[in-house]
Structure formats: structure tokens, C-alpha cells
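Order of the sequence lines sets the chain letters (A, B, ...), proteins ahead of strands, with each chain counted from 1.
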Protein chains: 2
Amino acid sequence: MREMLKEALEVFYRVDTAETLGEAVEWIESFAYSAMLLDRNLFGKDEGMELIPRLKKLQPSCAVMIASAYGGVEERIAGLAAGADDYLEKPYDLRELKMRLDGLIRRFAPDVIEVGSLTLDLGNQTISAEGKNIVLSKKEHDVLFFIASRPDKIFSRDDIANAVYSDPSSMTSNTIDVVISHIRKKLPVDIIETVKGRGYALKNV
Amino acid sequence: MREMLKEALEVFYRVDTAETLGEAVEWIESFAYSAMLLDRNLFGKDEGMELIPRLKKLQPSCAVMIASAYGGVEERIAGLAAGADDYLEKPYDLRELKMRLDGLIRRFAPDVIEVGSLTLDLGNQTISAEGKNIVLSKKEHDVLFFIASRPDKIFSRDDIANAVYSDPSSMTSNTIDVVISHIRKKLPVDIIETVKGRGYALKNV
DNA sequence: CCGTACATGAAAAAATCATGAAAATGTGAG
DNA sequence: CTCACATTTTCATGATTTTTTCATGTACGG
């Protein structure tokens with residue numbers, strides 16, 4: 001079941017799954033997530049719930065959705081009391097799950113990223129520093145906001161090309177590098193980190 | 001109840017909720033809102049009402065809607081007397097709430113935009129500069145006021161076409177560009193900003 | 001040090017945009 | 001209905017900006 005779900009969701013999200021409570025804890029201590037989907041019937045009924053405050057402490061901007069077969073009011077209340085943000089009754093439709101997840105993620109996504117004096121507003125898709133707006137060209141903009149969409153992740157040049165270019169296969173030169181260089185030249189602080197051999201990532205503060 | 005409402009409204013608006021009067025005060029001192037929905041039965045019957053003048057002083061263009069279970073005439077009068085702009089009787093339908101909120105927000109939205117000597121009156125849909133009225137043709141007018149409807153947003157040519165043309169798919173040429181050019185020619189100041197690669201936006205001051 | 005990966009200036013190529021002018025369409029008076 | 005005039009759309013052009021390539025210099029890890 002977990003593997004099926006993972007496979008289905010992986011079309012839209014980057015997904016990690018945990019088989020045990022300990023594994024889950026390891027994940028949330030290692031990566032920044034947008035959302036956690038927690039089956040109330042896993043890990044024992046209430047032990048699993050302990051994950052929620054733990055996650056929320058580490059990652060306040062991560063949303064928590066609980067799925068459970070027993071859809072009584074008490075269940076729902078218990079979930080929300082434990083800190084969940086949404087509640088889904090099994091059996092559920094995959095499309096419904098995706099819609100609800102998207103909604104949750106949208107609501108919880110921190111929509112500004114600040115690095116030094118620089119502010120990226122992911123909602124309005126604008127960049128500013130010390131009150132002044134900064135304008136990038138389209139490609140520069142797309143690349144920067146793609147990298148910023150997952151501040152934790154390291155993106156390979158291929159990742160970036162696939163996201164930003166309609167025909168990534170036709171990219172022969174070091175275009176991405178140059179675009180990065182241009183972005184850096186236009187921003188007052190270097191917000192992009194080069195990870196030699198792996199790609200680029202957003203500098204975490 | 002509050003959480004449910006928040007969740008429902010969050011599909012359409014950005015929502016903050018307050019559990020206590022103090023929390024509410026904190027919110028309205030920190031952010032600019034379009035509307036406040038106030039349950040008459042919260043915070044004690046009349047203490048809550050004190051919020052209204054306080055809000056109105058800080059944010060005159062913020063609308064206030066009161067919801068209450070006891071729908072007597074006196075209640076309604078008391079609410080309006082306290083400075084509320086609309087009154088909603090519980091139980092209410094969510095769709096009704098949204099419609100009424102939208103109406104309120106529209107009524108209270110500051111409806112003039114001034115850029116330099118130019119004034120756009122969104123309510124009356126008129127344009128003037130230095131006392132003189134400026135008349136645009138229909139398409140020009142539609143395009144300009146569509147862009148002005150969201151002064152912060154960048155509109156792609158597709159956005160504009162979809163909003164202004166009945167059959168946007170049949171648009172093959174650079175019609176939007178030309179209309180923009182015409183608008184610029186008729187206005188004394190260039191109020192429209194070109195965002196290369198992305199579209200057009202209203203110039204912010 | 002050495003080799004590879006990265007950064008960047010500069011030139012070339014491509015895309016985007018503004019606008020004049022012409023063609024098509026709509027409008028209203030006589 | 002017809003003509004004159006205004007509006008809307010298309011198209012061609014040139015100016016400008018963006019994007020890409022390429023060559024070369026620099027930093028980094030081993």
C-alpha cells in the first residue's frame with residue numbers, strides 16, 4: 001500500500017516513506033518537507049501521533065495530513081488535537097488526496113524566503129532588497145525561483161534544465177552556469193550555492 | 001468552528017483568526033486587511049464590538065461583517081451602530097458568506113489609483129488627469145482597467161486576452177501590444193510597465 | 001601541483017517589444 | 001444603403017534585451 005501510494009504521488013511530489021517510527025524520525029530530522037501524510041493506523045494508534053509535535057517543532061512550515069479508516073468525529077478531533085492540519089478518511093480517491101495535499105502545501109508554504117537583506121516572495125514572484133525591487137530576465141527569474149522552490153534541495157544542471165527549458169536535450173553549452181552567473185551579478189548577495197560536482201542550491205541563511 | 005471557517009475561507013482569501021480579543025488587536029495592528037468577520041458571541045457580547053472602532057481608526061478601508069445567532073432587529077442595529085458594514089445571521093451558508101464578503105470587499109476596496117498626475121477611478125471606470133477626463137476606446141479601456149484591477153500583479157498577454165476577448169484562441173497577432181501602445185499614446189504618463197518575457201503590469205507609483 | 005569543475009567576459013544568435021501604416025471591421029448619420 | 005469616420009487587428013520593421021555559445025581564467029579537491 002505504502003509503495004503504491006509513493007509511486008502514485010511521486011508523479012507530483014518528491015516522496016520519502018517510512019516503515020517504522022524510527023525511520024520516520026530519521027527522515028524528518030534530515031530533510032525539510034512540505035507535508036507529511038500519516039496513517040493513523042501505523043506505528044500503533046497513538047505512537048504515530050507523537051510524530052506530529054516532533055515534526056512541527058523541527059519544521060513548523062510542514063503540513064500534516066492524517067489518514068484513517070475510522071472516520072468518527074473523535075478520530076478527527078484526536079488528530080487535530082495532536083497538531084494535524086487536515087484529516088482524510090479512508091478509503092479516499094487519489095485525486096482527492098492530491099487536491100487536499102496541494103491545498104495544504106499551498107497554505108503552509110512559507111511564501112517568502114529571506115537571505116541576508118534579500119527577499120524572495122514566492123507568492124508574488126518578486127525579488128527585493130532593502131525596499132527596492134529587483135528585476136531579473138525571464139530565464140534568470142525562472143531558474144532562481146525553481147531553485148528557491150525547494151530551499152533544501154540540491155539541483156543538478158539537468159534538474160534545472162528540465163524545469164526551465166522546453167527542450168532540455170538541445171542544451172549543449174554551459175548555459176545554466178551563465179544564467180547563474182547573471183543572477184549573481186544582479187543580486188546584492190550571493191544567494192546561490194555551488195555544490196561542486198552536484199549542482200546548485202539555495203544558500204540556507 | 002473558527003478553524004473550519006478559516007479552512008473554508010482560505011480557499012479564497014488570506015485568513016487570520018483570533019481566539020482572544022488581544023490576539024485580534026495584535027493582528028489588526030500588524031497587517032492591513034480587507035475585511036473582518038466578527039462573531040458577536042465571541043469575546044463577550046459587547047467587548048467584541050469595541051474592536052470595530054479600533055479597526056476602523058487604523059484601517060478605514062477595511063470592511064466589518066458581524067455574524068450572530070440572535071437575529072433580532074436590535075442585534076442588527078447594535079452591530080451597525082458599532083460601525084459594522086454588514087450583518088449576517090447564523091446559521092449561514094458558506095456560499096452566502098463568501099458572496100456577502102466579496103460584495104463588502106468590493107464596496108470597500110479603495111477604488112482610485114493615482115500615478116503621477118493620472119487618476120484611475122476603478123469604481124466609476126473613468127480616467128482623468130489634471131481635471132480633464134480622458135476617454136479611451138472600449139478595448140483600450142478594458143485592457144487598462146483589467147491591468148489596474150490588480151496593481152501588484154504581472155499579467156501575461158494570455159491573461160489579458162482571456163479577460164478582455166470573447167475568443168482568446170483566435171488571437172494570432174500582437175494585438176495586445178498594439179492596444180497597450182495606443183493606451184500609452186493617449187495617456188500623459190506611462191502607467192503601464194512592460195515586464196519583458198512575462199507581460200504587463202501597472203507601474204507601482 | 002594537476003586535472004576537473006566552475007566562473008565569467010565578450011560576441012553571436014535569438015527573442016521580445018514598440019510602433020507606423022495598412023487592412024479589416026464596426027458604427028452612426030443622413 | 002452608403003459613406004465617412006473611428007476602432008480594431010494584422011503585418012513589417014527596427015531597436016532593444018535576452019539568451020546562448022565560446023574562450024579563457026580561476027578555484028577546488030585530491
Report task. Would you kindly give the CD1-to-C1' distance between B:Ile176 and D:dC11, to the nearest whole Å? Result -> 16 Å

Query raised in the report: Does any N or O donor sit under 3.5 Å from an N or O acceptor when you compare the side chain of B:Lys196 with the base of C:dT16?
Result: yes

Query raised in the report: Side chain of B:Arg184, backbone of B:Ile192: donor and acceptor closer than 3.5 Å?
Result: yes

**Report entry** Distance below 4.0 Å between B:Ser181 side-chain N/O and C:dC17 OP1 or OP2
**Finding:** no

Report task. Look at the aromatic rings of A:Phe155 and A:Phe146 and report parallel, tilted or perpendicular, splitting at 30° and 60°. Result -> tilted

Report task. Can you tell me the distance, in whole Å, between the CD1 atom of B:Ile180 and the C1' atom of D:dT8? Result -> 14 Å

Query raised in the report: Does B:Lys6 reach the main-chain N or O of B:Val15 with its side chain, forming a donor-acceptor pair under 3.5 Å?
Result: yes

Query raised in the report: Is B:Arg54 salt-bridged to B:Glu50, going by a charged N under 4.0 Å from an acidic O?
Result: no

Query raised in the report: OP1 or OP2 of C:dT16 less than 4.0 angstrom from a side-chain nitrogen or oxygen of B:Arg157, does that happen here?
Result: no

Query raised in the report: Between D:dT7 atom P and B:Asp142 atom CG, what is the distance in whole Å?
Result: 14 Å

Query raised in the report: Starting at the 5' end of DNA chain C, which residue's closest nucleotide do you reach first, B:Gly197 or B:His182?
Result: B:Gly197

Requested in this report: Choose from D:dA27, D:dT20, D:dT10 the nucleotide whose nearest atom is closest to any side-chain atom of A:Thr175.
Outcome: D:dT20

Query - Whichever of B:Lys186 and A:Val178 has its nearest DNA chain D nucleotide further upstream toward 5' - result: B:Lys186

Query raised in the report: Just how far, in rounded Å, is P of D:dT10 from CE of B:Met171?
Result: 6 Å

Query raised in the report: Is there a side-chain polar atom (N or O) of B:Tyr165 under 4.0 Å from OP1 or OP2 of D:dT9?
Result: yes

Query raised in the report: Between the main-chain N or O of A:Lys139 and the side-chain N or O of A:Asp142, is there a donor-acceptor pair closer than 3.5 Å?
Result: no

Query - Base C:dT19 to side chain B:Asn174, donor-acceptor N/O within 3.5 Å cut-off - result: yes

Query raised in the report: Do any side-chain nitrogens or oxygens of B:Thr172 fall under 4.0 Å of OP1 or OP2 in D:dT9?
Result: no

Requested in this report: Would you indicate, yes or no, if D:dA6 has its OP1 or OP2 atom less than 4.0 angstrom from a side-chain nitrogen or oxygen of B:Ser137?
Outcome: no

Query - Whole-Å distance separating the NZ atom of A:Lys139 from the C1' atom of D:dT19 - result: 7 Å

Requested in this report: Give a yes/no on whether any side-chain N or O of B:Arg198 is located under 4.0 angstrom from OP1 or OP2 of C:dT16.
Outcome: no

Query - From CA spacing to verdict: side-chain contact (heavy atoms from CB on, under 4.5 Å), A:Val143, A:Leu136 - result: CA-CA 10 Å; A:Val143 169; A:Leu136 300 184; over 6 Å; no

Query raised in the report: Under 4.0 Å: is that the gap between some side-chain N or O of A:Lys185 and OP1 or OP2 of C:dG9?
Result: yes

Report task. In whole angstrom, give the distance that lies between atom CD1 of B:Ile154 and atom P of C:dC17. Result -> 12 Å

Requested in this report: Return the value, rounded to whole Å, for the distance between atom NE2 of A:His141 and atom C1' of C:dA15.
Outcome: 18 Å

Query - Residue-phosphate contact under 4.0 Å: B:Tyr200 side-chain N/O, C:dT16 OP1/OP2 - result: no

Query raised in the report: Between atom CD1 in A:Ile183 and atom C1' in C:dA7, what is the gap in whole Å?
Result: 14 Å

**Report entry** Polar pair under 3.5 Å, donor/acceptor by atom type, side chain B:Asp177, base D:dT10
**Finding:** no

Requested in this report: Remember a base hit wins even if backbone is also touched, and classify B:Val164 as base, sugar-phosphate or nothing at under 4.0 Å, heavy atoms.
Outcome: nothing

Report summary line: Ranking D:dT8, C:dA18, C:dA7 by distance to the side chain of B:Arg184, first place goes to C:dA18

